[in-house]
Amino acid sequence: MKADPTAQSALLDLQAQDSALAQLQHRKNSLPEHAQIADLQAKAKELDGARIEADTEVSDLSRAQKKADAEVEQVKTRRARDEERLNSGAISNPKDLESLQHELVALERRISTLEDDELEVMEKLEEAQTRLTALESDLNAINEDLAQAVAARDAAIVVLDEQAAAAQADRAQAATGVPDELIALYDKVRAQYGGLGAAALRARRCEGCRLELNGADLRDITAAPEDDVLRCPECGRILVRTAESGL
């Protein structure tokens with residue numbers, strides 16, 4: 001391939017901007033906030049799961065407490081009614097009186113048992129509510145940290161995107177006047193060799209692979225016309241001759 005030496009030199013500017021863009025993308029992908037956000041999201045998910053369980057437990061225990069309260073009140077109402085009958089003197093039959101007294105004793109035992117159950121439910125509910133409150137507090141703190149991390153990440157990305165836009169504009173400027181055929185070759189080589197498609201020859205060394213060329217290769221390069229597009233005999237990248245090539 002033939003190309004004007006000026007166009008070949010422009011490939012070095014093009015490569016510099018492509019390298020800068022790659023570095024900016026790497027920095028964007030490697031922002032420490034990414035790992036921090038992932039960690040916080042995982043913690044938030046775990047805490048939210050525990051919060052849902054605790055909230056469900058609180059709801060279940062609240063219903064159980066209401067049920068226990070209702071049962072206690074129901075038995076107390078029955079006891080009050082029986083006490084009223086007993087105290088009214090309306091029951092004169094000894095057997096009926098004895099039966100009523102036995103029922104009152106049974107109701108007292110039942111009330112005692114129900115109140116014990118009610119107290120146990122209340123204690124469990126209090127413990128569950130305390131756990132729920134603590135989990136909600138922890139989750140709120142995690143979400144605040146997450147929001148701050150997301151804001152920091154987004155701010156950093158804005159800066160990097162602005163730098164990338166400037167580098168992209170410089171790349172477009174560098175590509176001006178470079179033949180499409182040469183750019184196509186450069187892009188192909190860059191894709192093959194890890195993003196580095198063109199390298200300068202300085203002090204007899206390819207800056208792409210960092211290897212010094214041997215005498216025979218240097219003689220071939222010296223003998224080649226200025227408009228020949230050369231490839232490094234060691235790494236295959238486009239080799240751009242410069243005033244510092246040492247030829």
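- By the 4.0 Å N-to-carboxylate-O rule, Arg79 lies too far from Asp82 to be salt-bridged with it.
- Between the side chain of Thr242 and the main chain of Ala200, no donor-acceptor pair closer than 3.5 Å is present.
- Between Asp60 and Arg63 a salt bridge is recorded (basic side-chain N to carboxylate O distance below 4.0 Å).
- Side-chain heavy atoms closer than 4.5 Å link hydrophobic residues (I, L, V, M, F, W, Y) into clusters, and following such links, even through other members, never connects Ile238 to Leu196.
- For the pair Cys209/Cys206, a side-chain contact is recorded, criterion being any heavy-atom separation below 4.5 Å from C-beta on.
- Remark: the backbone N or O of Glu83 is paired with a side-chain donor or acceptor of Asn87 at under 3.5 angstrom.
- In summary, Glu57 and Lys124 do not engage in a salt bridge, as defined by a charged side-chain N under 4.0 Å from a carboxylate O.
- Arg241 is linked by a salt bridge (Lys or Arg N to Asp or Glu O under 4.0 Å) to nothing, counting only residues two or more places apart in sequence or in another chain.
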* Could you walk me through whether Ile221 and Asp228 pass the side chain to side chain contact (heavy atoms under 4.5 Å, CB included) check? -> CA-CA 9 Å; Ile221 291 173; Asp228 273 3; over 6 Å; no
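- Put simply, the side chain of Gln163 reaches to within 4.5 Å of the side chain of Arg27, judged on heavy atoms.
- Closest non-hydrogen pair, Ala7 versus Pro179, comes out as CB-CD, 3.7 Å.
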Give the table of side-chain donor-acceptor pairs shorter than 3.5 Å for residues 133-157, with sequence neighbours excluded, one pair per line with atom names and distance.
from   : atom 1 : to     : atom 2 : distance (Å)
Thr133 : OG1    : Gln129 : O      : 2.9
Asn140 : ND2    : Glu136 : O      : 3.1
Asn143 : ND2    : Leu139 : O      : 3.3

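- Using a distance-only test at 3.5 Å, with no hydrogens or angles considered, no donor-acceptor pair links the side chain of Gln15 to the main chain of Tyr186.
- Side-chain contact between Met1 and Leu185 is present, with at least one heavy-atom pair separated by less than 4.5 Å.
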* Under the side chain to side chain contact (heavy atoms under 4.5 Å, CB included) rule, what do Arg78 and Gln74 come out as? Steps first, then yes or no, please. => CA-CA 6 Å; Arg78 183 174 177 181; Gln74 183 179 13; over 6 Å; no
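- Closest heavy-atom contact between Pro5 and Glu226: CG-O, 3.6 Å.
- Linking ILVMFWY residues whenever their side-chain heavy atoms come closer than 4.5 Å, directly or via other members, places Val189 and Val178 in the same cluster.
- Listed for the Ser19 side chain is no donor-acceptor partner under 3.5 Å among the backbone atoms of Ala16.
- Checked by atom type and distance alone, the side chain of Gln8 pairs as donor or acceptor with a backbone atom of Ala3 at under 3.5 Å.
- How far CG of Leu201 is from CZ of Arg237: 14.0 Å, rounded to the nearest 0.5 Å.
- Contacts of Glu71 classified as salt bridge (Lys or Arg N to Asp or Glu O under 4.0 Å), with partners at least two apart in sequence or in another chain: none.
- With values rounded to the nearest 0.5 angstrom, Lys43 atom NZ is found 15.5 Å from Asp48 atom CG.
- Taking each heavy atom of Leu14 and Ala175 in turn, the nearest pair found is CD1-CB, 3.9 Å.
- The side-chain contact (heavy atoms from CB on, under 4.5 Å) check on Glu98 picks up His102, with sequence neighbours excluded.
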* Determine, stepwise, if the pair Glu162 / Val158 fulfils side chain to side chain contact (heavy atoms under 4.5 Å, CB included). => CA-CA 6 Å; Glu162 290 174 350; Val158 167; 3.7 Å; yes
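- Linking ILVMFWY residues whenever their side-chain heavy atoms come closer than 4.5 Å, directly or via other members, places Val240 and Ile183 in the same cluster.
- Residues Glu115 and Lys76 are paired through a salt bridge, judged by an N-O separation under 4.0 Å between the basic side chain and the carboxylate.
- The backbone N or O of Ala216 lies less than 3.5 Å from a partner atom in the side chain of Asn214, making a donor-acceptor pair.
- Residues Leu125 and Ser62 approach most closely at CD1-OG, 3.6 Å, considering heavy atoms.
- The pair Glu212-Arg204 fails the salt-bridge criterion, with no side-chain N (NZ, NE, NH1 or NH2) lying under 4.0 Å from an Asp/Glu carboxylate O.
- In terms of modelled atom types and a separation under 3.5 Å, the side chain of Ser245 and the main chain of Arg202 share no donor-acceptor contact.
- Surrounding NZ of Lys2 are more than 12 heavy atoms belonging to other residues, nucleotides or ligands, all under 6.0 Å away.
- Rounding to the nearest 0.5 Å gives a distance of 12.0 Å between CG of Asp55 and CZ of Arg131.
- Following chains of ILVMFWY side-chain contacts shorter than 4.5 Å, one can reach Tyr193 starting from Leu182, so the two form part of one hydrophobic cluster.
- A distance of 11.5 Å separates NE2 of His26 from CG of Leu160, quoted to the nearest 0.5 Å.
- Here the closest non-hydrogen pair linking Ala174 and Asp13 is CB-CB, 3.9 Å.
- One finds the CZ atom of Arg109 at 13.0 Å from the CG atom of Leu114 (value rounded to the nearest 0.5 Å).
- For the pair Leu213 and Leu239, the minimum side-chain heavy-atom distance is below 4.5 Å.
- Under the 4.5 Å side-chain heavy-atom criterion for Ile, Leu, Val, Met, Phe, Trp and Tyr, Val75 and Val72 are members of the same hydrophobic cluster.
- Legend: residues meeting salt bridge (Lys or Arg N to Asp or Glu O under 4.0 Å) with Lys66, ordered by chain and number and at least two apart, are absent.
- Counting only heavy atoms from C-beta outward, the side chains of Arg171 and Leu21 approach each other to under 4.5 Å.
- Of the inter-residue distances, the one linking Gln65 atom CD with Leu61 atom CG reads 9.0 Å to the nearest 0.5 angstrom.
- A 4.5 Å side-chain heavy-atom check between Glu126 and Val58 finds every atom pair outside the cut-off.
- Atom CD of Glu103 has more than 12 neighbouring heavy atoms from other residues, nucleotides or ligands inside a 6.0 Å radius.
- Residues passing the side-chain contact (heavy atoms from CB on, under 4.5 Å) test with Asp116, sequence neighbours excluded: Ser112.
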